[in-house]
Amino acid sequence: MPRIVQKFGGTSVGDVDRIRKVAERIKKTRDEGNEVVVVVSARSGVTNELLARAKQLNPDPARREMDMLLAVGEQETIALTAMALHAMEVPAVSRTGAQAGILTDSAHTTARIIRINTANIEEPLQENHVVIVAGFQGVDDLGQITTLGRGGSDLSAIALTYVLKADLCQIFTDVDGVYSADPRIVPNARKIPVISYDEMLELASMGSKVMQSRSVEFAKKFGVVFEVRSSFNQNPGTIVKEEASSMEDVVVRGVALDKNQTKVTISGIPDQPGTAAGVFQALAEAGVVVDMIVQNVGRQGKANLTFTVTRDDAERARKTIETLIADEEEGSVTVEGDVAKLSVVGVGMRTHSGVASTLFKALAEESVNIQLISTSEIKISVVIEESRSDEALRKVHGAFGLEQEALPKPQIGNSPIA
Ligand code: ADP
Ligand code: ASP
Ligand code: MG
């Protein structure tokens, strides 16, 4: 019997009516002769609400307690989905991450999956049940609840597809596929029918939250092909799979925007060997993840060092640097939170030139200043001011000919976006 893993995101299980619709879709898949394993997220907004409540009580909550709290959201939806299926006379059983055998390391709030003991899923499947697994959560070897990072239900679904040797993995969300840009910002973005793991990974890590980047990394490593599609309609979605040679014909597959960025500049630090090593060692020890780095040409023995971090890490970065350069002679630090990172992505960049010049020209035409630049084989990213970043994204998207006005407007939820 074919085996299918279906993952439903937060909006798809956002209220009782939507959970019923999800249950109908699961029932249909099962009636068509498939074994079905379902992964659900918390109702949309619930994880954010829980986080906000925690922060009200404690600005720096213990990560173990945070996981204990956040796991609640998914526990609600697995139970409700099972109940909805029971009401349709479909045998179904829910499983928390721990009950589903999802074993992780102990890195609370960003845990990695180490192993999945599938017995507790296989058994009910053999008895013809639908198994509904709580996404985003696992358990470490001491029995502590862990979570897999924001958007982590995608990872739960892809990892389960792999270990259960499922024939198909469907990621149901509120948009009917992966688009050439976030359709909420670029309404005439184009749906991408097939995309390579590398392009999806770059888009996801550069801010396209349609897929969690760690889940794409896992899919690439283990060759898990998956489909991203809408839970609100039957439209074909986007297939994410290994690269085919024909994919290089398209130079830019998509553009992404990440507004969760902060720029940190240390001015007037000594221009001598070991300075950068000292700064980045201190940041690493403080657990700050640094993204882009630029150092200008030194003058009179002093230099400026600029780098970006996520907004969550900004305060920690500032404190770390301030401790390091207690003496004014050693420099001063400024932190600017009003920046965004815009990226263009495509495997065709390996074999085509001119991408950087098209990007820079488009930004110049919008009078958007480029503050930092970084490149990889299949991506160019620039840091720009946040207040102009949506317009900049639309402009760049158009400059690469990614928009197609003749196509139907992207669907978000039940209605096309304006
Ligand atoms: P879920 O709750 O189903 O996991 P998410 O909110 O995490 O859904 O992801 C879906 C959202 O991702 C869409 O509503 C869309 O606004 C956003 N998104 C960002 N970039 C893209 C893109 N390139 N293509 C499609 N959606 C995108
Ligand atoms: N509920 C979790 C989050 O909001 C996991 C997920 O939705 O995938 O990040
Ligand atoms: Mg998501």
Side-chain angles (χ1 to χ4, degrees), residues 6-14 18 22 39-52 66-67 69-78 97 109-111 133-138 146-159 170-193 195 199-216 226 228-232 235 237-238 240 252-260 342-346 390 393 397 402-403 410-415 417:
Q6 298 188 317
K7 179 250 167 178
F8 296 91
T11 320
S12 310
V13 291
R18 287 184 173 175
V22 161
V39 174
V40 287
S41 295
R43 283 184 292 118
S44 61
V46 166
T47 308
N48 284 343
E49 245 169 62
L50 293 171
L51 269 166
M66 196 53 121
D67 279 350
L69 178 70
L70 295 187
V72 168
E74 274 70 12
Q75 199 166 326
E76 176 193 353
T77 45
I78 49 171
T109 72
T110 53
V133 180
F136 178 54
Q137 53 176 263
T146 55
T147 63
L148 310 175
R150 295 306 305 271
S153 301
D154 295 332
L155 178 57
S156 311
I158 286 175
Q170 298 177 312
I171 306 287
F172 289 96
T173 183
D174 59 0
V175 54
D176 56 4
V178 179
Y179 278 75
S180 51
D182 185 342
R184 288 179 204 270
I185 306 175
V186 185
N188 55 7
R190 190 194 299 177
K191 184 163 33 170
I192 304 170
I195 187 168
E199 289 169 322
M200 188 68 248
L201 186 54
E202 288 282 16
L203 285 175
S205 24
M206 293 303 125
S208 299
K209 76 161 189 165
V210 61
M211 287 299 298
Q212 188 212 32
S213 61
R214 285 171 73 179
S215 73
V216 185
F226 61 96
V228 180
R229 54 186 298 173
S230 173
S231 62
F232 297 98
N235 296 346
T238 298
V240 186
V252 170
R253 184 86 50 198
V255 296
L257 192 60
D258 184 351
K259 295 184 179 173
N260 183 22
L342 185 156
S343 307
V344 300
V345 172
D390 285 359
L393 189 74
H397 185 265
L402 294 172
E403 52 199 352
Q411 295 266 143
I412 290 189
N414 284 322
S415 50
I417 44 176

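Every number for a ligand or one of its atoms is a count from 1 in the order of the listing.
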Atoms of ligand 1 close to Asp174 [distance to a heavy atom under 4.0 angstrom, numbered from 1]: 10 (C), 11 (C), 13 (C), 14 (O)
N or O pair under 3.5 Å between Lys7 and ligand 1: yes
Close approach, Ala181 and ligand 1, non-hydrogen under 4.0 angstrom: yes
Side chain to side chain, Leu69 and Met66, heavy atoms closer than 4.5 Å: yes
Ligand 1 contacted by Gly177 (non-hydrogen, < 4.0 Å): yes
Nearest-contact summary for atom 23 (N) of ligand 1 - protein heavy atom, Å: Tyr179 O, 2.9 Å
Nitrogen or oxygen atoms of Ser41 and ligand 2 under 3.5 Å apart: yes
Validation row: Val255, Leu393 side chains within 4.5 angstrom (heavy atoms): yes
Side-chain heavy-atom pair Lys259, Asp390 within 4.5 angstrom cut-off: yes
Heavy-atom gap Gly9 to ligand 2 smaller than 4.0 Å: no
Approximate separation, where rounding is to 0.5 Å, of Arg43 CZ and Arg18 CZ: 12.0 Å
Residue and atom name of the nearest protein heavy atom (relative to atom 5 (P) of ligand 1), distance in Å to one decimal: Lys209 CE, 3.9 Å
Sequence neighbours excluded - side chain to side chain donor-acceptor pair (under 3.5 Å) pairs with any residue from residues 146-158: Lys7-Asp154, Ser41-Ser153, Asn48-Arg150, Asp67-Thr147, Thr104-Thr146
Atom pair CZ (Arg253) and CG (Leu203), whose distance is rounded to the nearest 0.5 Å: 9.5 Å
Gly151 near ligand 2 by a heavy-atom separation under 4.0 Å: yes
Polar side-chain atom of Ser343 near backbone of Ala256 as donor-acceptor pair, under 3.5 Å: no
pair Lys191-Asn235: side-chain heavy atoms closer than 4.5 Å: yes
Gap between atom CG of Asn188 and atom OG of Ser180 - 0.5 Å precision: 8.0 Å
Closest candidate by heavy atom, reference atom 17 (C) of ligand 1, pool Leu203, Ile195, Asp182, Val186: Asp182
Nearest neighbour in protein (non-hydrogen) for atom 9 (O) of ligand 2: Arg150 NE, 2.7 Å
Spacing of Arg214 atom CZ and Thr110 atom OG1 [to the nearest 0.5 Å]: 6.0 Å
Distance-only N or O hit between ligand 1 and Pro183, under 3.5 Å: no
Heavy-atom nearest neighbour in the protein, as seen from atom 8 (O) of ligand 1, with distance rounded to 0.1 Å: Thr173 OG1, 3.1 Å
Where ligand 2 meets Glu74 - atom numbers and elements under 4.0 angstrom, heavy-atom basis: 1 (N), 2 (C), 5 (C)
Interfacing atoms of ligand 1 (cut-off 4.0 Å, heavy-atom, Gly9): 1 (P), 2 (O), 3 (O)
Atom 27 (C) of ligand 1: the protein heavy-atom neighbour that sits closest, reported with distance to 0.1 Å: Val210 CB, 3.6 Å
Per-atom contacts of ligand 1 with Val178, taking only distances under 4.0 Å to non-hydrogen atoms: 24 (N)
Short N or O distance, Lys7 and ligand 2, threshold 3.5 Å exclusive: no
More than 12 heavy atoms of other groups within 6.0 Å of Gln75 CD: no
Proximal ligand 1 atoms for Arg184, defined as those under 4.0 Å from one of its heavy atoms: 14 (O), 15 (C), 16 (O)
Step-by-step side-chain contact (heavy atoms from CB on, under 4.5 Å) determination, Ser213 to Leu201: CA-CA 6 Å; Ser213 61; Leu201 186 54; 4.3 Å; yes
Shortest protein contact, atom 2 (O) of ligand 1 (heavy atom only): Gly10 N, 3.0 Å
